[in-house]
> 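Take this structure first; my questions come after.
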2 protein chains.
Amino acid sequence: MDRELLKGSTPLLLLSLLCEGPMYGYQIIETVRQRTGGTYTLKEGALYPALHKLEATEFISSYWETQENGRERRYYSLLPAGQAFLTAKKKEWNQFVDMVQAFVGPRA
Amino acid sequence: MDRELLKGSTPLLLLSLLCEGPMYGYQIIETVRQRTGGTYTLKEGALYPALHKLEATEFISSYWETQENGRERRYYSLLPAGQAFLTAKKKEWNQFVDMVQAFVGPRA
DNA sequence: TTGACGGCCATCGTTTAGCGAGGCACATTG
DNA sequence: CAATGTGCCTCGCTAAACGATGGCCGTCAA
(Lines give C-alpha, C1' and ligand atoms only; values in the text may rest on other atoms or scores of the structure.)
Protein backbone atom coordinates (compact mmCIF):
# COMPACT_ATOMS: atom_id res chain seq x y z
CA MET A 1 0.00 0.00 0.00
CA ASP A 2 1.35 3.37 -1.03
CA ARG A 3 2.27 5.41 1.99
CA GLU A 4 1.24 8.67 0.44
CA LEU A 5 -2.31 7.53 -0.09
CA LEU A 6 -2.64 6.87 3.63
CA LYS A 7 -1.82 10.40 4.61
CA GLY A 8 -4.72 12.18 6.12
CA SER A 9 -6.73 9.02 6.63
CA THR A 10 -5.29 8.29 10.04
CA PRO A 11 -7.50 10.61 12.10
CA LEU A 12 -10.54 9.23 10.34
CA LEU A 13 -9.44 5.70 11.13
CA LEU A 14 -8.70 6.43 14.76
CA LEU A 15 -11.92 8.29 15.36
CA SER A 16 -13.87 5.51 13.70
CA LEU A 17 -12.24 2.87 15.87
CA LEU A 18 -12.74 4.81 19.07
CA CYS A 19 -16.36 5.23 18.10
CA GLU A 20 -16.71 1.52 18.87
CA GLY A 21 -15.32 2.04 22.36
CA PRO A 22 -12.17 3.02 24.25
CA MET A 23 -8.91 1.45 23.10
CA TYR A 24 -5.24 1.72 23.92
CA GLY A 25 -2.42 2.28 21.48
CA TYR A 26 -1.02 -1.16 21.11
CA GLN A 27 -4.51 -2.54 20.76
CA ILE A 28 -5.28 -0.12 17.98
CA ILE A 29 -2.25 -1.24 16.03
CA GLU A 30 -3.10 -4.89 16.47
CA THR A 31 -6.73 -4.35 15.57
CA VAL A 32 -5.86 -2.56 12.36
CA ARG A 33 -3.31 -5.18 11.46
CA GLN A 34 -5.73 -8.01 12.01
CA ARG A 35 -8.75 -6.46 10.36
CA THR A 36 -6.79 -5.69 7.24
CA GLY A 37 -5.27 -9.13 7.19
CA GLY A 38 -1.85 -7.61 7.64
CA THR A 39 -2.17 -5.34 4.63
CA TYR A 40 -1.89 -2.25 6.73
CA THR A 41 0.25 -1.96 9.80
CA LEU A 42 -0.26 1.33 11.53
CA LYS A 43 3.15 2.54 12.66
CA GLU A 44 3.84 3.75 16.16
CA GLY A 45 5.55 6.82 14.81
CA ALA A 46 2.28 7.72 13.12
CA LEU A 47 -0.13 6.52 15.77
CA TYR A 48 1.05 8.20 18.94
CA PRO A 49 1.58 11.66 17.52
CA ALA A 50 -1.85 11.44 15.90
CA LEU A 51 -3.44 10.33 19.15
CA HIS A 52 -1.78 13.13 21.09
CA LYS A 53 -2.89 15.66 18.57
CA LEU A 54 -6.46 14.42 18.69
CA GLU A 55 -6.32 14.71 22.45
CA ALA A 56 -4.86 18.21 22.33
CA THR A 57 -7.78 19.31 20.22
CA GLU A 58 -10.23 17.73 22.65
CA PHE A 59 -11.63 15.23 20.22
CA ILE A 60 -10.58 12.33 22.40
CA SER A 61 -9.47 11.96 25.99
CA SER A 62 -7.24 9.46 27.71
CA TYR A 63 -6.95 7.73 31.05
CA TRP A 64 -4.52 5.23 32.47
CA GLU A 65 -5.78 1.90 33.59
CA THR A 66 -3.90 -0.66 35.64
CA GLN A 67 -4.19 -4.28 34.65
CA GLU A 68 -4.27 -7.18 37.11
CA ASN A 69 -0.57 -7.79 36.60
CA GLY A 70 0.15 -4.25 37.69
CA ARG A 71 1.02 -2.88 34.27
CA GLU A 72 -0.49 0.30 32.90
CA ARG A 73 -2.29 0.98 29.70
CA ARG A 74 -3.40 4.29 28.29
CA TYR A 75 -6.92 4.16 26.98
CA TYR A 76 -8.34 6.70 24.58
CA SER A 77 -12.02 7.43 24.23
CA LEU A 78 -14.10 9.57 21.93
CA LEU A 79 -15.45 12.85 23.21
CA PRO A 80 -18.67 14.46 21.92
CA ALA A 81 -16.67 16.99 19.92
CA GLY A 82 -14.75 14.11 18.39
CA GLN A 83 -18.00 12.40 17.52
CA ALA A 84 -19.10 15.49 15.64
CA PHE A 85 -15.73 15.83 13.99
CA LEU A 86 -15.93 12.21 12.91
CA THR A 87 -19.25 12.85 11.24
CA ALA A 88 -17.76 15.76 9.32
CA LYS A 89 -14.71 13.73 8.41
CA LYS A 90 -16.82 10.90 7.08
CA LYS A 91 -18.66 13.30 4.86
CA GLU A 92 -15.41 14.71 3.62
CA TRP A 93 -14.10 11.22 3.01
CA ASN A 94 -17.10 10.32 0.89
CA GLN A 95 -16.72 13.48 -1.15
CA PHE A 96 -13.08 12.73 -1.65
CA VAL A 97 -13.78 9.20 -2.84
CA ASP A 98 -16.49 10.41 -5.19
CA MET A 99 -14.14 13.02 -6.57
CA VAL A 100 -11.35 10.62 -7.35
CA GLN A 101 -13.79 8.03 -8.62
CA ALA A 102 -15.10 10.59 -11.06
CA PHE A 103 -11.69 10.79 -12.68
CA VAL A 104 -10.55 7.24 -12.30
CA GLY A 105 -13.84 5.88 -13.45
CA PRO A 106 -16.13 3.35 -11.76
CA ARG A 107 -14.63 0.28 -10.13
CA ALA A 108 -13.69 -2.62 -12.29
CA MET B 1 -11.50 19.38 1.21
CA ASP B 2 -8.76 18.34 3.59
CA ARG B 3 -5.40 18.77 1.94
CA GLU B 4 -3.90 15.76 3.65
CA LEU B 5 -6.45 13.44 2.16
CA LEU B 6 -5.39 14.52 -1.30
CA LYS B 7 -1.81 13.49 -0.80
CA GLY B 8 -0.83 10.62 -2.97
CA SER B 9 -3.91 10.86 -5.12
CA THR B 10 -2.38 13.32 -7.56
CA PRO B 11 -0.48 10.84 -9.74
CA LEU B 12 -3.59 8.70 -9.97
CA LEU B 13 -5.62 11.69 -11.04
CA LEU B 14 -3.12 12.85 -13.62
CA LEU B 15 -2.64 9.45 -15.14
CA SER B 16 -6.39 8.97 -15.31
CA LEU B 17 -6.87 12.26 -17.08
CA LEU B 18 -4.08 11.67 -19.55
CA CYS B 19 -5.62 8.31 -20.27
CA GLU B 20 -8.38 10.25 -22.03
CA GLY B 21 -5.86 11.99 -24.24
CA PRO B 22 -2.96 14.46 -24.17
CA MET B 23 -3.41 17.59 -22.11
CA TYR B 24 -1.39 20.61 -21.07
CA GLY B 25 -0.91 21.90 -17.56
CA TYR B 26 -3.29 24.80 -17.46
CA GLN B 27 -5.92 22.66 -19.12
CA ILE B 28 -5.54 19.99 -16.46
CA ILE B 29 -6.09 22.51 -13.71
CA GLU B 30 -9.16 23.93 -15.39
CA THR B 31 -10.58 20.52 -16.15
CA VAL B 32 -10.24 19.41 -12.55
CA ARG B 33 -11.71 22.63 -11.28
CA GLN B 34 -14.68 22.38 -13.58
CA ARG B 35 -15.40 18.70 -13.16
CA THR B 36 -15.41 19.01 -9.41
CA GLY B 37 -17.57 22.08 -9.55
CA GLY B 38 -14.80 24.11 -7.99
CA THR B 39 -14.46 21.82 -5.00
CA TYR B 40 -10.95 20.89 -5.88
CA THR B 41 -8.47 23.27 -7.43
CA LEU B 42 -5.26 21.53 -8.31
CA LYS B 43 -2.45 23.91 -7.43
CA GLU B 44 0.38 24.68 -9.79
CA GLY B 45 2.90 23.97 -7.08
CA ALA B 46 1.53 20.46 -6.91
CA LEU B 47 0.83 19.89 -10.57
CA TYR B 48 4.07 20.75 -12.29
CA PRO B 49 6.42 18.89 -9.97
CA ALA B 50 4.12 15.87 -10.20
CA LEU B 51 4.05 16.07 -13.98
CA HIS B 52 7.82 16.38 -14.19
CA LYS B 53 8.29 13.44 -11.90
CA LEU B 54 5.93 11.31 -13.95
CA GLU B 55 7.89 12.26 -17.00
CA ALA B 56 11.23 11.49 -15.36
CA THR B 57 9.99 8.00 -14.60
CA GLU B 58 8.85 7.56 -18.20
CA PHE B 59 5.20 7.18 -17.38
CA ILE B 60 4.29 10.15 -19.50
CA SER B 61 6.05 12.19 -22.16
CA SER B 62 5.72 15.78 -23.25
CA TYR B 63 5.96 17.83 -26.40
CA TRP B 64 5.57 21.51 -27.17
CA GLU B 65 2.90 22.61 -29.54
CA THR B 66 2.52 26.02 -31.08
CA GLN B 67 -0.92 27.50 -31.27
CA GLU B 68 -2.21 29.68 -34.07
CA ASN B 69 -1.43 32.84 -32.16
CA GLY B 70 2.20 31.75 -31.92
CA ARG B 71 2.14 30.81 -28.27
CA GLU B 72 3.47 27.50 -26.96
CA ARG B 73 1.85 24.86 -24.87
CA ARG B 74 3.42 21.82 -23.31
CA TYR B 75 1.31 18.74 -23.81
CA TYR B 76 1.67 15.60 -21.79
CA SER B 77 0.63 12.17 -22.98
CA LEU B 78 0.46 8.75 -21.40
CA LEU B 79 3.13 6.21 -22.28
CA PRO B 80 2.56 2.43 -22.24
CA ALA B 81 4.48 2.12 -18.98
CA GLY B 82 2.25 4.81 -17.53
CA GLN B 83 -0.80 2.93 -18.70
CA ALA B 84 0.38 -0.13 -16.81
CA PHE B 85 1.24 1.94 -13.79
CA LEU B 86 -2.20 3.46 -13.86
CA THR B 87 -3.78 0.03 -13.78
CA ALA B 88 -1.73 -0.87 -10.73
CA LYS B 89 -2.54 2.43 -9.08
CA LYS B 90 -6.22 1.94 -9.64
CA LYS B 91 -6.07 -1.42 -7.96
CA GLU B 92 -4.22 0.08 -5.05
CA TRP B 93 -6.76 2.85 -4.84
CA ASN B 94 -9.63 0.40 -4.64
CA GLN B 95 -7.88 -1.55 -1.91
CA PHE B 96 -7.28 1.64 -0.01
CA VAL B 97 -10.90 2.68 -0.23
CA ASP B 98 -12.09 -0.74 0.86
CA MET B 99 -9.71 -0.65 3.77
CA VAL B 100 -10.87 2.69 5.08
CA GLN B 101 -14.48 1.83 4.38
CA ALA B 102 -14.09 -1.24 6.54
CA PHE B 103 -13.33 0.94 9.53
CA VAL B 104 -15.53 3.87 8.79
CA GLY B 105 -18.47 1.73 7.92
CA PRO B 106 -20.60 1.70 4.78
CA ARG B 107 -21.70 4.97 3.28
CA ALA B 108 -24.63 6.75 4.76
C1' DT C 1 0.41 53.53 -26.08
C1' DT C 2 0.03 51.95 -21.91
C1' DG C 3 -1.81 49.00 -18.58
C1' DA C 4 -4.69 45.32 -16.88
C1' DC C 5 -6.01 40.75 -17.58
C1' DG C 6 -5.73 36.07 -18.68
C1' DG C 7 -3.23 32.11 -20.55
C1' DC C 8 0.75 29.33 -19.56
C1' DC C 9 5.03 27.80 -17.77
C1' DA C 10 7.73 27.12 -13.55
C1' DT C 11 10.39 27.25 -8.92
C1' DC C 12 11.17 28.11 -3.94
C1' DG C 13 10.57 27.92 1.03
C1' DT C 14 7.46 26.14 4.44
C1' DT C 15 4.44 22.90 6.52
C1' DT C 16 3.01 18.45 7.79
C1' DA C 17 2.21 13.25 7.97
C1' DG C 18 4.07 9.22 8.08
C1' DC C 19 8.33 6.28 8.33
C1' DG C 20 12.13 3.83 10.49
C1' DA C 21 14.89 3.44 14.21
C1' DG C 22 15.64 3.89 18.59
C1' DG C 23 14.85 4.02 23.72
C1' DC C 24 12.69 2.61 28.18
C1' DA C 25 10.11 -0.44 31.28
C1' DC C 26 8.01 -4.66 32.85
C1' DA C 27 5.87 -9.65 32.33
C1' DT C 28 5.86 -14.03 30.82
C1' DT C 29 7.99 -18.07 29.03
C1' DG C 30 11.59 -21.38 28.14
C1' DC D 1 18.79 -15.89 32.99
C1' DA D 2 17.72 -14.56 28.41
C1' DA D 3 14.51 -13.88 24.89
C1' DT D 4 10.19 -12.50 23.49
C1' DG D 5 6.12 -9.86 23.84
C1' DT D 6 3.55 -5.97 25.67
C1' DG D 7 3.26 -1.16 25.99
C1' DC D 8 4.55 3.68 25.98
C1' DC D 9 7.09 7.21 23.59
C1' DT D 10 10.43 10.55 20.66
C1' DC D 11 13.55 11.99 17.02
C1' DG D 12 15.51 12.83 12.44
C1' DC D 13 14.31 12.09 7.70
C1' DT D 14 11.50 11.98 3.45
C1' DA D 15 8.29 13.57 0.41
C1' DA D 16 3.80 15.87 -1.08
C1' DA D 17 1.17 19.73 -1.30
C1' DC D 18 0.73 24.69 -0.35
C1' DG D 19 1.23 29.61 -1.03
C1' DA D 20 3.81 33.01 -2.93
C1' DT D 21 6.24 34.63 -6.51
C1' DG D 22 8.09 35.38 -11.02
C1' DG D 23 8.33 35.54 -15.90
C1' DC D 24 6.60 35.58 -20.71
C1' DC D 25 3.33 36.86 -24.11
C1' DG D 26 -1.27 38.00 -26.44
C1' DT D 27 -5.45 40.80 -26.36
C1' DC D 28 -8.45 44.32 -25.53
C1' DA D 29 -10.05 48.52 -23.46
C1' DA D 30 -8.90 53.15 -21.83
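First the proteins, then the strands, lettered A, B, ... as listed; each starts at 1. Just so it is clear, the values below take in all heavy atoms, side chains as well, and ignore hydrogens, waters and symmetry mates. These figures come from a predicted structure and were not determined experimentally.
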> Leu6(B) has an atom CG; how far is it from atom C1' of dT15(C), in whole Å?
15 Å
> Determine the contact category for Lys43(B): base if any of its heavy atoms lies under 4.0 Å from a base atom, sugar-phosphate if only primed atoms, P, OP1 or OP2 are that close, otherwise nothing.
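Sugar-phosphate, backbone atoms only, no base.
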> Phosphate oxygens OP1/OP2 of dG26(D): is one of them under 4.0 Å from a side-chain N or O of Gln67(B)?
no
> Specify the separation, in whole Å, of atom CG of Leu42(A) and atom C1' of dG7(D).
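Atom CG in Leu42(A) sits about 15 Å away from atom C1' in dG7(D).
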> Under the criterion ring-ring contact (aromatic ring centres under 6.0 Å, His included), which of Tyr75(A), Tyr48(A), Tyr76(A) is the partner of Tyr24(A)?
Tyr75(A)
> Starting at CG of Leu5(B) and ending at P of dC18(D), how long is that distance when rounded to a whole Å?
12 Å
> If the threshold is 4.0 Å, N to carboxylate O, is there a salt bridge linking Glu92(A) and Arg3(B)?
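The answer is no: the pair does not qualify as a salt bridge.
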> Does Arg107(B) pair with Asp98(A) as a salt bridge, N-O distance under 4.0 Å?
yes
> Check Lys53(B) with Glu58(B), please: is the shortest side-chain N to carboxylate O separation under 4.0 Å?
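Here Glu58(B) does not pair with Lys53(B) in a salt bridge, since their nearest N and O are not under 4.0 Å apart.
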> For dA16(D), does OP1 or OP2 lie under 4.0 Å from any side-chain N or O of Lys53(B)?
yes
> Could you write out each protein N or O paired with an N or O of nucleotides 9-13 of chain C at a distance under 3.5 Å?
{"from": "dC9(C)", "atom 1": "OP1", "to": "Arg74(B)", "atom 2": "N", "distance (Å)": "3.1"}
{"from": "dC9(C)", "atom 1": "OP1", "to": "Arg74(B)", "atom 2": "O", "distance (Å)": "3.3"}
{"from": "dC9(C)", "atom 1": "OP2", "to": "Gly25(B)", "atom 2": "N", "distance (Å)": "3.3"}
{"from": "dC9(C)", "atom 1": "OP2", "to": "Tyr26(B)", "atom 2": "N", "distance (Å)": "2.6"}
{"from": "dC9(C)", "atom 1": "OP2", "to": "Tyr48(B)", "atom 2": "OH", "distance (Å)": "3.0"}
{"from": "dC9(C)", "atom 1": "N4", "to": "Glu44(B)", "atom 2": "OE1", "distance (Å)": "3.0"}
{"from": "dC9(C)", "atom 1": "N4", "to": "Glu44(B)", "atom 2": "OE2", "distance (Å)": "3.4"}
{"from": "dA10(C)", "atom 1": "OP1", "to": "Arg74(B)", "atom 2": "NE", "distance (Å)": "3.2"}
{"from": "dA10(C)", "atom 1": "OP1", "to": "Arg74(B)", "atom 2": "NH2", "distance (Å)": "2.7"}
{"from": "dA10(C)", "atom 1": "OP2", "to": "Tyr76(B)", "atom 2": "OH", "distance (Å)": "3.4"}
{"from": "dA10(C)", "atom 1": "N6", "to": "Glu44(B)", "atom 2": "OE1", "distance (Å)": "2.4"}

> Just checking Gly8(B): base, sugar-phosphate only, or nothing, at a heavy-atom cut-off of under 4.0 Å?
sugar-phosphate
> Just jot down the side-chain contact (heavy atoms from CB on, under 4.5 Å) partners of Gln83(A), sequence neighbours excluded, or say none.
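Gln83(A) satisfies side-chain contact (heavy atoms from CB on, under 4.5 Å) with Cys19(A), Leu78(A), Leu86(A), Thr87(A) once adjacent residues are dropped.
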> Is the centre of the Trp93(B) ring less than 6.0 Å from the centre of the Phe96(A) ring?
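Between Phe96(A) and Trp93(B), which both carry aromatic rings, the centre distance is below 6.0 Å.
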> Figure out the CG/P separation between Asn69(B) and dC5(C), and round it to whole Å.
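It works out to 21 Å between those atoms.
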> For Leu54(B), which of Leu18(B), Ile60(B), Leu79(B), Thr10(B) qualifies under side chain to side chain contact (heavy atoms under 4.5 Å, CB included)?
Ile60(B)
> What is the distance, to the nearest angstrom, from the NZ atom on Lys7(A) to the C1' atom on dT15(C)?
11 Å
> Below 3.5 Å, does any donor atom in the side chain of Arg3(B) face an acceptor in the base of dC18(D), or the other way round?
no
> Are any non-hydrogen side-chain atoms of Leu17(A) and Met23(A) less than 4.5 angstrom apart?
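Touching, per the 4.5 Å side-chain cut-off.
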> Calculate the interatomic distance between Glu65(A) atom CD and dC8(D) atom P; express it in whole Å.
12 Å
> Would Glu68(A) and Arg73(A) satisfy salt bridge (charged side-chain N to carboxylate O under 4.0 Å, His left out), going step by step from the backbone distance to the final call?
CA-CA 11 Å; Glu68(A) 288 129 14; Arg73(A) 287 206 277 231; over 6 Å; no
> Side-chain N or O of Thr10(B) versus OP1/OP2 of dA17(D): is the shortest distance under 4.0 Å?
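Yes, within the criterion.
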> Could you give the CD-to-P distance, from Glu4(A) to dG18(C), as a whole number of Å?
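Whole-Å distance recorded here is 10 Å.
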> Can you measure Arg71(A) atom CZ to dA25(C) atom C1' for me and round it to whole angstrom units?
7 Å
> Sort by first number and list every stem of DNA chain D: at least 3 consecutive Watson-Crick or G-U wobble pairs, both distances under 3.5 Å.
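DNA chain D stems, ordered by first number: C:1-30 with D:1-30.
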